[in-house]
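Count residues from 1 along the sequence.
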Amino acid sequence: MTTLIDRPHTALLVIDVQNGVVAHAYDRDRVVANIATLIDKARAAGVEVVWVQHNSEEFPTGSEVWQYVPELVRRDAEPLVQKAYGDSFEETDLEQVLAARGIGRLIVTGAQTDACIRSTLHGAIARGYDVTLVGDAHTTEDFSSYGAPTPDKVIAHTNLYWQYHRAPGRAGGTVDTADVDFAAAVPA
């Protein structure tokens with residue numbers, strides 16, 4: 001259903017699963033394990049895995065906090081997009097990476113739910129992509145001391161509203177790791 005022409009392929013986006021980003025994340029180990037499962041499933045089905053990595057004063061390039069968590073290992077052939085804003089498309093080469101591979105459908109995982117995940121979901125659908133959020137493969141920290149809901153509620157709310165998100169010619173949606181079928185996403 002994507003509105004992008006000649007973009008029949010799907011990619012798994014792995015957003016900001018960096019040491020410093022998920023160090024205090026809610027249900028970190030389960031979420032990282034689910035992302036690892038999705039990476040394995042995508043690779044087995046021949047679906048692109050695209051990595052997104054945040055750079056900032058807090059996460060300086062090359063530092064330990066900037067590195068991806070050790071449980072997730074990027075292959076050299078898999079694209080790596082560097083970003084400085086919440087939306088993974090803003091001032092990055094993500095659109096060029098996806099266009100070059102004919103990708104019009106995104107499966108989104110990573111952190112933080114209430115920042116980079118939400119921003120990227122909305123940025124992608126506004127740019128013409130179909131975007132599926134993997135409901136048990138994203139997480140955030142507890143910002144309730146600042147007045148935010150607890151992480152479990154932030155995640156549940158994001159999963160709920162994205163499940164029904166639509167735009168003309170585009171679809172959102174939320175699925176669990178066990179229900180992601182990359183083999184069905186590969187065009188014949």
Side-chain angles (χ1 to χ4, degrees), residues 11-44 47-75 78-89 92 94 106-124 131-163 172-182:
L12 174 68
L13 286 188
V14 181
I15 301 171
D16 300 351
V17 190
Q18 297 161 248
N19 290 321
V21 176
V22 299
H24 303 289
Y26 173 78
D27 211 5
R28 178 220 183 269
D29 293 342
R30 183 182 64 83
V31 169
V32 170
N34 286 343
I35 294 170
T37 296
L38 290 162
I39 291 168
D40 290 343
K41 287 170 74 171
R43 288 172 176 162
V47 168
E48 291 277 354
V49 178
V50 178
W51 302 74
V52 179
Q53 191 170 33
H54 195 79
N55 300 277
S56 66
E57 268 186 39
E58 190 179 357
F59 303 105
T61 302
S63 68
E64 178 61 26
V65 294
W66 173 83
Q67 300 292 333
Y68 259 81
V69 297
E71 298 96 323
L72 304 180
V73 178
R74 182 183 146 264
R75 292 181 177 168
E78 294 170 340
L80 175 61
V81 174
Q82 299 295 324
K83 71 177 183 66
Y85 298 98
D87 181 346
S88 298
F89 289 91
T92 71
L94 180 58
L106 302 175
I107 309 295
V108 175
T109 68
Q112 301 234 20
T113 301
D114 40 2
C116 299
I117 296 299
R118 285 187 184 173
S119 295
T120 300
L121 290 171
H122 290 282
V131 190
T132 301
L133 175 63
V134 185
D136 57 357
H138 65 98
T139 187
T140 192
E141 290 180 71
D142 186 348
F143 295 111
S144 59
S145 63
Y146 298 101
T150 56
D152 59 320
K153 293 194 178 357
V154 170
I155 292 164
H157 179 254
T158 303
N159 289 343
L160 175 67
Y161 87 76
W162 199 256
Q163 178 180 350
T174 305
V175 299
D176 287 331
T177 297
D179 298 324
V180 173
D181 183 4
F182 286 111

Should E64 and N19 be marked as a side chain to side chain donor-acceptor pair (under 3.5 Å) after you check the CA-CA gap, both sets of side-chain angles, and the distance that decides it?
CA-CA 7 Å; E64 178 61 26; N19 290 321; 2.9 Å; yes

Check the angle between the aromatic planes of H122 and Y161 and answer parallel, tilted or perpendicular using the 30° and 60° thresholds.
parallel

If you measure from [atom1] on [X] to [atom2] on [Y], what distance do you get to the nearest 0.5 Å?
X: Q53; Y: Q18; atom1: CD; atom2: CD; value: 4.5 Å
X: D114; Y: H157; atom1: CG; atom2: NE2; value: 11.5 Å
X: L133; Y: D176; atom1: CG; atom2: CG; value: 10.0 Å
X: H138; Y: Q112; atom1: NE2; atom2: CD; value: 12.0 Å
X: F182; Y: E48; atom1: CZ; atom2: CD; value: 11.5 Å
X: L13; Y: T132; atom1: CG; atom2: OG1; value: 11.0 Å

Looking at Y85, I want to see if its OH is surrounded by more than 12 non-hydrogen atoms of other residues, nucleotides or ligands under 6.0 Å.
no

Is the backbone N or O of [Y] less than 3.5 Å from a side-chain atom of [X], with the two atoms forming a donor-acceptor pair by type?
X: E78; Y: R75; value: yes
X: N55; Y: P60; value: no
X: T120; Y: I117; value: no

Check whether any side-chain heavy atom of [X] lies under 4.5 Å from a side-chain heavy atom of [Y], and answer yes or no.
X: V31; Y: Y26; answer: no
X: V21; Y: W66; answer: no
X: V134; Y: V108; answer: no

Return a table of donor-acceptor pairs under 3.5 angstrom between the side chains of residues 146-156 and protein atoms on other chains or two or more places apart.
{"from": "T150", "atom 1": "OG1", "to": "D152", "atom 2": "OD1", "distance (Å)": "2.5"}

Of L94, L80, I107, V14, the residue whose pairing with V50 passes side-chain contact (heavy atoms from CB on, under 4.5 Å)
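Output: one option passes, namely L94.
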
Quick one: closest heavy-atom pair of [X] and [Y], and the distance?
X: V52; Y: S88; value: CG1-OG, 3.5 Å
X: T174; Y: W162; value: OG1-C, 3.6 Å
X: V131; Y: L121; value: CG1-CD2, 3.4 Å
X: I35; Y: G110; value: CD1-N, 3.9 Å
X: L106; Y: F89; value: CD1-CZ, 4.0 Å
X: A137; Y: T177; value: CB-OG1, 4.1 Å

Residue pair I15, T109: steps toward the side-chain contact (heavy atoms from CB on, under 4.5 Å) verdict:
CA-CA 6 Å; I15 301 171; T109 68; over 6 Å; no

How would you list all residue pairs meeting salt bridge (charged side-chain N to carboxylate O under 4.0 Å, His left out) that involve residues 15-31, not counting sequence neighbours?
D16-K83, D27-R30, R28-E71

Evaluate side-chain contact (heavy atoms from CB on, under 4.5 Å) for V17 paired with V32, printing each intermediate quantity in order.
CA-CA 8 Å; V17 190; V32 170; 4.0 Å; yes

Are V180 and L38 close enough, and set up right, to give a side-chain contact (heavy atoms from CB on, under 4.5 Å), and what steps lead you there?
CA-CA 8 Å; V180 173; L38 290 162; 3.8 Å; yes

